[in-house]
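As C-alpha coordinates, the structure follows; a few thoughts come after it.
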Amino acid sequence: MNYLFIKGIISQMCRLIALLPTYIKFKLYPNKYSLEQKFEIINKHCINTLKDLKVFTYIEGKENLPEGNVLFVANHSNWIDAFILLSIVDRPTAMVIAKEANWENFPILSGWLDMFNCLHLDRENNRAALKTMNEANNLLKETSSVGIFPEGMVTRSNNIGEFKSGAFRMAIKSQVPIVPILIENSKDVYIPSIGFKIGKSYSKQVSVKILPPVYDHIENPKIKSSVISDLVRNTLIEN
(Lines give C-alpha, C1' and ligand atoms only; values in the text may rest on other atoms or scores of the structure.)
Protein backbone atom coordinates (compact mmCIF):
# COMPACT_ATOMS: atom_id res chain seq x y z
CA MET A 1 0.00 0.00 0.00
CA ASN A 2 1.30 3.45 -0.91
CA TYR A 3 1.05 5.41 2.33
CA LEU A 4 2.48 8.62 0.88
CA PHE A 5 -0.39 8.97 -1.60
CA ILE A 6 -3.04 8.08 1.01
CA LYS A 7 -1.51 10.53 3.48
CA GLY A 8 -1.53 13.24 0.81
CA ILE A 9 -5.20 12.70 -0.07
CA ILE A 10 -6.29 12.63 3.59
CA SER A 11 -4.29 15.78 4.34
CA GLN A 12 -5.82 17.53 1.34
CA MET A 13 -9.37 16.70 2.42
CA CYS A 14 -8.66 17.77 6.01
CA ARG A 15 -7.33 21.10 4.79
CA LEU A 16 -10.40 21.66 2.63
CA ILE A 17 -12.73 20.82 5.51
CA ALA A 18 -10.82 23.24 7.76
CA LEU A 19 -11.37 25.92 5.10
CA LEU A 20 -15.16 25.44 5.10
CA PRO A 21 -15.86 28.55 7.25
CA THR A 22 -13.77 30.68 4.85
CA TYR A 23 -15.47 29.09 1.84
CA ILE A 24 -18.94 29.82 3.26
CA LYS A 25 -17.91 33.39 4.04
CA PHE A 26 -16.70 33.92 0.47
CA LYS A 27 -19.90 32.40 -0.96
CA LEU A 28 -22.22 34.48 1.24
CA TYR A 29 -20.43 37.77 0.58
CA PRO A 30 -18.84 37.37 -2.88
CA ASN A 31 -18.48 41.10 -3.53
CA LYS A 32 -16.70 41.73 -0.25
CA TYR A 33 -13.59 39.75 -1.19
CA SER A 34 -11.28 40.23 -4.15
CA LEU A 35 -10.30 37.53 -6.62
CA GLU A 36 -6.76 37.84 -5.23
CA GLN A 37 -7.99 36.95 -1.73
CA LYS A 38 -9.91 33.95 -3.03
CA PHE A 39 -7.07 32.72 -5.22
CA GLU A 40 -4.60 32.99 -2.35
CA ILE A 41 -6.45 30.13 -0.65
CA ILE A 42 -6.08 27.81 -3.67
CA ASN A 43 -2.46 28.85 -4.12
CA LYS A 44 -1.60 27.93 -0.52
CA HIS A 45 -3.63 24.72 -0.76
CA CYS A 46 -1.63 23.62 -3.81
CA ILE A 47 1.66 24.47 -2.07
CA ASN A 48 0.65 22.43 0.98
CA THR A 49 -0.57 19.51 -1.15
CA LEU A 50 2.83 19.31 -2.83
CA LYS A 51 4.49 19.35 0.60
CA ASP A 52 2.22 16.52 1.77
CA LEU A 53 3.19 14.46 -1.29
CA LYS A 54 6.86 15.42 -0.83
CA VAL A 55 7.04 17.08 -4.22
CA PHE A 56 9.68 19.81 -4.12
CA THR A 57 9.72 22.47 -6.85
CA TYR A 58 12.84 24.26 -8.04
CA ILE A 59 11.71 27.37 -9.91
CA GLU A 60 13.70 29.35 -12.48
CA GLY A 61 12.75 32.44 -14.47
CA LYS A 62 10.37 34.33 -12.19
CA GLU A 63 11.88 37.51 -13.60
CA ASN A 64 10.29 36.60 -16.96
CA LEU A 65 6.76 37.17 -15.68
CA PRO A 66 5.20 40.29 -17.27
CA GLU A 67 2.55 42.38 -15.54
CA GLY A 68 -1.15 41.93 -16.22
CA ASN A 69 -3.14 38.95 -17.44
CA VAL A 70 -1.29 36.27 -19.39
CA LEU A 71 -1.94 32.85 -20.89
CA PHE A 72 0.20 30.31 -19.03
CA VAL A 73 1.03 27.34 -21.28
CA ALA A 74 2.66 24.23 -19.80
CA ASN A 75 3.45 20.65 -20.74
CA HIS A 76 1.43 17.96 -18.96
CA SER A 77 2.94 14.61 -17.98
CA ASN A 78 1.09 14.03 -14.69
CA TRP A 79 -2.13 15.15 -12.98
CA ILE A 80 -0.02 16.86 -10.31
CA ASP A 81 1.05 19.46 -12.93
CA ALA A 82 -2.11 21.51 -12.25
CA PHE A 83 -1.15 21.78 -8.57
CA ILE A 84 2.43 22.68 -9.54
CA LEU A 85 1.29 25.43 -11.92
CA LEU A 86 -1.16 26.95 -9.43
CA SER A 87 1.47 26.84 -6.67
CA ILE A 88 4.05 28.93 -8.57
CA VAL A 89 1.96 31.64 -10.26
CA ASP A 90 1.90 35.08 -8.66
CA ARG A 91 -1.61 36.19 -9.71
CA PRO A 92 -5.19 34.87 -9.91
CA THR A 93 -5.16 32.19 -12.59
CA ALA A 94 -8.12 30.19 -13.85
CA MET A 95 -7.31 26.72 -15.16
CA VAL A 96 -8.81 25.08 -18.23
CA ILE A 97 -9.12 21.43 -17.21
CA ALA A 98 -10.38 18.44 -19.19
CA LYS A 99 -13.89 17.56 -18.05
CA GLU A 100 -13.05 13.85 -17.92
CA ALA A 101 -10.57 14.57 -15.11
CA ASN A 102 -13.72 14.82 -12.93
CA TRP A 103 -12.34 17.56 -10.63
CA GLU A 104 -15.84 19.05 -10.54
CA ASN A 105 -17.03 15.89 -8.74
CA PHE A 106 -14.74 16.40 -5.75
CA PRO A 107 -16.68 17.86 -2.79
CA ILE A 108 -15.52 21.29 -1.56
CA LEU A 109 -12.58 21.39 -3.98
CA SER A 110 -14.98 21.84 -6.90
CA GLY A 111 -16.52 24.83 -5.11
CA TRP A 112 -13.14 26.50 -4.74
CA LEU A 113 -12.34 25.83 -8.40
CA ASP A 114 -15.60 27.49 -9.45
CA MET A 115 -14.86 30.44 -7.19
CA PHE A 116 -11.78 31.42 -9.18
CA ASN A 117 -13.45 30.60 -12.51
CA CYS A 118 -11.87 27.21 -13.27
CA LEU A 119 -13.24 25.93 -16.59
CA HIS A 120 -14.00 22.29 -17.45
CA LEU A 121 -13.39 21.55 -21.14
CA ASP A 122 -15.59 18.86 -22.71
CA ARG A 123 -13.46 17.61 -25.59
CA GLU A 124 -16.21 15.26 -26.79
CA ASN A 125 -18.64 18.12 -27.42
CA ASN A 126 -17.41 20.73 -29.92
CA ARG A 127 -20.13 23.25 -29.12
CA ALA A 128 -19.51 23.01 -25.37
CA ALA A 129 -15.75 23.18 -25.93
CA LEU A 130 -16.10 26.35 -28.03
CA LYS A 131 -18.23 27.93 -25.30
CA THR A 132 -15.61 27.09 -22.68
CA MET A 133 -12.81 28.60 -24.77
CA ASN A 134 -14.87 31.77 -25.29
CA GLU A 135 -15.36 32.00 -21.52
CA ALA A 136 -11.60 31.63 -21.04
CA ASN A 137 -11.01 34.35 -23.61
CA ASN A 138 -13.34 36.71 -21.69
CA LEU A 139 -11.46 35.97 -18.46
CA LEU A 140 -8.17 36.92 -20.12
CA LYS A 141 -9.64 40.18 -21.38
CA GLU A 142 -11.34 41.24 -18.18
CA THR A 143 -10.63 39.22 -15.05
CA SER A 144 -7.59 37.01 -14.63
CA SER A 145 -4.82 35.01 -16.21
CA VAL A 146 -5.58 31.54 -17.58
CA GLY A 147 -3.53 28.35 -17.43
CA ILE A 148 -3.83 25.58 -20.00
CA PHE A 149 -2.15 22.32 -21.02
CA PRO A 150 -2.34 22.41 -24.83
CA GLU A 151 -1.32 18.76 -25.23
CA GLY A 152 -4.92 18.09 -24.20
CA MET A 153 -4.11 15.07 -22.05
CA VAL A 154 -1.68 13.65 -19.50
CA THR A 155 1.16 12.29 -21.64
CA ARG A 156 2.98 10.22 -18.99
CA SER A 157 6.11 10.99 -20.98
CA ASN A 158 9.25 13.10 -20.80
CA ASN A 159 8.58 14.15 -24.39
CA ILE A 160 6.29 17.05 -25.26
CA GLY A 161 3.30 15.95 -27.32
CA GLU A 162 1.59 17.78 -30.14
CA PHE A 163 -0.24 20.97 -29.13
CA LYS A 164 -3.88 21.72 -29.88
CA SER A 165 -3.68 25.04 -31.70
CA GLY A 166 -7.18 26.10 -30.58
CA ALA A 167 -5.82 26.96 -27.14
CA PHE A 168 -3.75 29.75 -28.68
CA ARG A 169 -6.70 31.50 -30.29
CA MET A 170 -7.48 32.85 -26.82
CA ALA A 171 -4.17 34.71 -26.68
CA ILE A 172 -4.64 36.08 -30.19
CA LYS A 173 -8.18 37.27 -29.50
CA SER A 174 -7.43 38.74 -26.08
CA GLN A 175 -3.99 40.10 -27.10
CA VAL A 176 -2.30 39.00 -23.89
CA PRO A 177 1.26 37.62 -23.66
CA ILE A 178 1.84 33.86 -23.65
CA VAL A 179 4.12 32.58 -20.88
CA PRO A 180 5.54 29.10 -21.61
CA ILE A 181 6.23 27.01 -18.53
CA LEU A 182 8.34 23.87 -18.66
CA ILE A 183 7.61 21.29 -15.93
CA GLU A 184 10.36 18.66 -15.75
CA ASN A 185 10.48 15.39 -13.80
CA SER A 186 6.82 15.24 -12.74
CA LYS A 187 6.09 12.14 -14.84
CA ASP A 188 6.65 9.67 -11.99
CA VAL A 189 5.29 11.72 -9.09
CA TYR A 190 2.13 9.61 -9.30
CA ILE A 191 1.86 6.33 -11.21
CA PRO A 192 -1.74 5.17 -11.68
CA SER A 193 -2.70 1.54 -11.23
CA ILE A 194 -4.97 -0.71 -13.27
CA GLY A 195 -8.52 -1.22 -12.06
CA PHE A 196 -9.63 -0.03 -8.62
CA LYS A 197 -6.24 -0.27 -6.91
CA ILE A 198 -4.67 2.88 -5.50
CA GLY A 199 -1.77 4.20 -7.56
CA LYS A 200 1.68 4.95 -6.19
CA SER A 201 3.09 8.35 -5.28
CA TYR A 202 6.81 9.10 -5.06
CA SER A 203 8.79 11.96 -3.56
CA LYS A 204 10.39 13.97 -6.37
CA GLN A 205 12.17 17.23 -7.05
CA VAL A 206 10.47 18.94 -9.98
CA SER A 207 12.12 21.64 -12.05
CA VAL A 208 9.86 24.47 -13.24
CA LYS A 209 11.21 26.91 -15.82
CA ILE A 210 9.26 30.10 -16.54
CA LEU A 211 10.41 31.06 -20.02
CA PRO A 212 10.36 34.55 -21.60
CA PRO A 213 6.87 35.60 -22.74
CA VAL A 214 5.82 35.34 -26.37
CA TYR A 215 4.52 38.52 -28.04
CA ASP A 216 4.52 37.49 -31.72
CA HIS A 217 0.70 37.36 -31.86
CA ILE A 218 0.49 40.86 -30.38
CA GLU A 219 2.96 42.25 -32.88
CA ASN A 220 1.07 40.44 -35.67
CA PRO A 221 -2.60 39.89 -34.71
CA LYS A 222 -3.26 38.14 -38.05
CA ILE A 223 -0.83 35.33 -37.30
CA LYS A 224 -2.32 31.81 -37.39
CA SER A 225 -2.88 30.01 -34.09
CA SER A 226 -1.07 26.96 -35.52
CA VAL A 227 2.06 29.08 -36.05
CA ILE A 228 1.99 30.34 -32.46
CA SER A 229 1.30 26.81 -31.24
CA ASP A 230 4.39 25.47 -33.01
CA LEU A 231 6.48 28.40 -31.81
CA VAL A 232 5.59 27.86 -28.13
CA ARG A 233 6.00 24.07 -28.36
CA ASN A 234 9.42 24.40 -29.98
CA THR A 235 10.44 26.89 -27.29
CA LEU A 236 9.61 24.33 -24.61
CA ILE A 237 11.42 21.56 -26.49
CA GLU A 238 14.55 23.68 -26.92
CA ASN A 239 14.64 24.28 -23.16
Side-chain angles (χ1 to χ4, degrees), residues 46 50 53 55-66 70-89 93-101 103 118-124 129 132-133 136-137 140 145-172 174 176-192 199-202 204-218 223-239:
C46 289
L50 294 177
L53 293 172
V55 176
F56 307 100
T57 54
Y58 175 75
I59 306 168
E60 298 179 66
K62 281 191 173 182
E63 69 278 3
N64 289 324
L65 288 170
V70 302
L71 178 66
F72 290 110
V73 171
N75 58 306
H76 196 23
S77 60
N78 204 301
W79 66 267
I80 200 69
D81 293 332
F83 285 81
I84 292 171
L85 182 57
L86 290 174
S87 73
I88 67 160
V89 295
T93 301
M95 291 297 300
V96 178
I97 301 174
K99 190 176 180 67
E100 58 264 36
W103 288 110
C118 177
L119 301 169
H120 304 276
L121 182 67
D122 187 350
R123 296 180 297 185
E124 302 299 321
T132 299
M133 299 306 278
N137 180 53
L140 282 171
S145 296
V146 171
I148 195 165
F149 301 113
E151 288 163 298
M153 60 184 292
V154 174
T155 63
R156 296 281 303 126
S157 170
N158 288 324
N159 297 320
I160 297 177
E162 294 297 323
F163 280 4
K164 311 294 183 186
S165 62
F168 295 88
R169 294 194 190 105
M170 292 186 293
I172 295 173
S174 60
V176 300
I178 299 169
V179 177
I181 295 181
L182 182 64
I183 302 174
E184 296 182 281
N185 202 36
S186 70
K187 179 174 75 72
D188 296 324
V189 168
Y190 175 76
I191 299 177
K200 294 184 178 181
S201 184
Y202 297 93
K204 294 284 182 181
Q205 177 163 310
V206 177
S207 173
V208 182
K209 295 179 181 177
I210 302 171
L211 303 177
V214 173
Y215 295 100
D216 295 54
H217 58 294
I218 296 177
I223 195 169
K224 292 183 178 180
S225 58
S226 58
V227 175
I228 289 293
S229 174
D230 290 341
L231 172 66
V232 174
R233 180 174 180 269
N234 289 335
T235 299
L236 290 171
I237 291 172
E238 289 166 4
N239 282 272

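Between the side chain of S145 and the backbone N or O of T93, no donor-acceptor pair lies under 3.5 Å. Not one N or O on the side chain of T57 forms a donor-acceptor pair closer than 3.5 Å with the backbone of I59. Remark: side-chain polar atoms of S201 are not paired, donor with acceptor, to backbone N or O of Y190 under 3.5 angstrom. Put simply, the side chain of S174 gets close to the backbone of M170: a donor and an acceptor are under 3.5 Å apart.
For the residue pair C118 and I97, the shortest heavy atom distance occurs at SG-CD1, 3.5 Å. Nearest heavy-atom pair across V208 and I88 is CG1-CD1, 3.3 Å. Between P177 and I218, the closest heavy-atom pair is N-CD1, 3.8 Å. For the residue pair H217 and A171, the shortest heavy atom distance occurs at CD2-O, 3.3 Å. For the pair P150 and V73, the tightest heavy-atom approach, listed with the atom from each and the gap, is CG-CG1, 3.4 Å. A pairwise comparison of heavy atoms in N239 and L182 identifies O-CD2, 3.2 Å as the closest pair.
In this structure, the separation between CD1 on I181 and CD on E60 is 13.0 Å, given to the nearest 0.5 Å. Taken from CD1 in I178 to CG in L211, the straight-line distance is 12.5 Å, to the nearest 0.5 Å. The line from CZ of F83 to CG of L53 is 8.5 Å long, rounded to the nearest 0.5 Å. Atom OG of S229 and atom NZ of K224 lie 13.5 Å apart (nearest 0.5 Å). Distance NZ/K187 to CG/N159: 10.0 Å, rounded to 0.5 Å.
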After noting the C-alpha distance and the side-chain angles of N75 and T155, does the key distance pass the side chain to side chain contact (heavy atoms under 4.5 Å, CB included) rule?
CA-CA 9 Å; N75 58 306; T155 63; over 6 Å; no
I would like to know whether I172 and I223 meet side chain to side chain contact (heavy atoms under 4.5 Å, CB included); could you show each step before the answer?
CA-CA 8 Å; I172 295 173; I223 195 169; 4.3 Å; yes
Check the pair S186 / N78 against side chain to side chain donor-acceptor pair (under 3.5 Å), numbers first and verdict last.
CA-CA 6 Å; S186 70; N78 204 301; 5.6 Å; no
Yes or no on side chain to side chain contact (heavy atoms under 4.5 Å, CB included) for F163 and L236, after CA distance, side-chain angles and deciding distance?
CA-CA 11 Å; F163 280 4; L236 290 171; 3.6 Å; yes
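Contact of the N64 side chain with the V179 side chain is not registered, since no non-hydrogen atoms from C-beta on lie closer than 4.5 Å.
Note on E151 versus R233: no salt bridge recorded, every NZ/NE/NH1/NH2 to OD/OE distance being 4.0 Å or above.
By the neighbour-count criterion of 12 heavy atoms within 6.0 Å, atom OH of Y215 is densely surrounded, having more than that number from other residues, nucleotides or ligands.
Just one of N234, L71, V214 meets the side-chain contact (heavy atoms from CB on, under 4.5 Å) condition when paired with P180; it is V214.
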